[in-house]
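This structure is a prediction, so every number in the text was calculated from the model and none was measured.
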Amino acid sequence: MGVEIERKFLVTDDSWRREATDKTHMIQGYLVDASALQKGLARSSVRVRVAGERAWLNIKSAELGIERQEFEYPLPLDDAEIMLRTLCDGCVEKFRYRVPVQGHTFEIDEFLGDNEGLVVAELELPATDAPFPHPSWLGREVSHMPRYYNVNLITHAWRDWSDAERAGESA
């Protein structure tokens, strides 16, 4: 069994760009209905992701938080593209950048389409309490806020968020 320990943060400015070492275009969709996840009716999210010329099937446990079970398997690119077109109820599209900071690598997701304007930094850690750097562009932590999960951005896109949601209040 794989375990992912990941923290997620808003990004406050573009100063991270000068340190980015990699940029990959990604499209991902979910094979489990997002509304089932939101209502607690599904125990996992099942995602198809195309990143550049590679593709994966990813399964994550559905609980909230920074530590979740995760399994990932390579897929043939053609199969993944067919799944995205025919089996997913919408997709999230983004550019992912890798930004090294003091021995850690942040993954910065710059969302496109209906989620354009949302920029999130993710950091995988070896333990839930592991220390990590806080560069100046790293903003508020949103790891425990479901609205920032990619699966939820399909059904409630960033462009449709209220000012209260963007400010981090309940909506």
Report yes if some heavy atom in the side chain of [X] is under 4.5 Å from a heavy atom in the side chain of [Y]; otherwise report no.
X      : Y      : value
Leu153 : Val151 : no
Thr21  : Pro100 : yes
Ile59  : Ser45  : no
Ile108 : Val120 : no
Pro146 : Asn152 : yes
Val119 : Asp109 : no
Phe9   : Leu138 : yes
Val50  : Leu84  : yes

For [X] and [Y], which heavy atoms make the closest approach, and how far apart are they?
X      : Y      : answer
Gln102 : Pro133 : OE1-CB, 3.3 Å
Leu31  : Cys88  : CD2-SG, 3.8 Å
Ile154 : Cys91  : CG1-C, 4.0 Å
Ala55  : Pro76  : CB-O, 4.4 Å
Ala80  : Leu75  : CB-CD1, 4.1 Å

Find out whether the Lys NZ or Arg CZ of Arg147 is both under 6.0 angstrom from the six-membered ring centre of Trp158 and within 45° of the ring's axis.
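Negative - Arg147 is either too far from the ring of Trp158 or too far off its axis.
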
Between [X] and [Y], is the ring centre distance below 6.0 Å?
X      : Y      : value
Phe71  : Trp56  : no
His25  : Phe95  : yes
His104 : Phe106 : no

Please check if [X] and [Y] belong to a single hydrophobic cluster, counting links between Ile, Leu, Val, Met, Phe, Trp and Tyr side chain heavy atoms closer than 4.5 Å.
X     : Y      : result
Val3  : Phe132 : yes
Met83 : Leu77  : yes
Ile27 : Leu57  : yes

Any Lys/Arg nitrogen of Arg166 or Asp163 sitting under 4.0 Å from an Asp/Glu carboxylate oxygen of the other?
no

Give every residue pair that meets the side chain to side chain donor-acceptor pair (under 3.5 Å) criterion with at least one member in residues 2-11, sequence neighbours excluded.
Glu4-Lys60, Arg7-Glu141, Lys8-Glu122

Quick one: side chain to side chain contact (heavy atoms under 4.5 Å, CB included) partners of Thr128, sequence neighbours excluded?
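Per chain and number, Thr128 pairs via side chain to side chain contact (heavy atoms under 4.5 Å, CB included) with Ile5, Ile66, Glu67.
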
Taking side chain to side chain contact (heavy atoms under 4.5 Å, CB included) as the test, write out the residues that go with Gln28, two or more places apart.
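Gln28: side chain to side chain contact (heavy atoms under 4.5 Å, CB included) contacts with Tyr30, Arg47, Arg49, Val92, Lys94, Asn150.
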
d(Trp137 CH2, Arg18 CZ) to nearest 0.5 Å is 11.0 Å

So which of Glu107, Glu19, Glu124 actually passes salt bridge (Lys or Arg N to Asp or Glu O under 4.0 Å) with Arg98?
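Result: among Glu107, Glu19, Glu124, Glu107 is the only option passing the salt bridge (Lys or Arg N to Asp or Glu O under 4.0 Å) with Arg98.
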
Quick test of your reading: applying salt bridge (Lys or Arg N to Asp or Glu O under 4.0 Å), list the pairs with at least one residue in residues 82-91, sequence neighbours left out, ordered by first then second residue.
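Salt bridge (Lys or Arg N to Asp or Glu O under 4.0 Å) check on residues 82-91 returns no pairs.
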
What pairs with Tyr97 under ring-ring contact (aromatic ring centres under 6.0 Å, His included), at least two apart in sequence or on another chain?
Trp16

Name all residues meeting the ring-ring contact (aromatic ring centres under 6.0 Å, His included) criterion together with Tyr149; count only those two or more places apart in sequence or in a different chain, and write none if there are none.
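Testing Tyr149 for ring-ring contact (aromatic ring centres under 6.0 Å, His included), a comparison that skips the adjacent residues, returns none.
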
Evaluate the side chain to side chain contact (heavy atoms under 4.5 Å, CB included) criterion for residues Arg17 and Glu110: first the C-alpha distance (whole Å), next the side-chain angles of each, then the deciding distance (0.1 Å), finally the verdict.
CA-CA 11 Å; Arg17 289 184 189 278; Glu110 181 178 39; 2.4 Å; yes

So does Ser61 get a backbone contact from the side chain of Ser44, meaning a donor-acceptor N/O pair under 3.5 Å?
no

Step by step, would you call Tyr73 with Asn58 a side chain to side chain contact (heavy atoms under 4.5 Å, CB included)?
CA-CA 6 Å; Tyr73 307 97; Asn58 176 280; over 6 Å; no

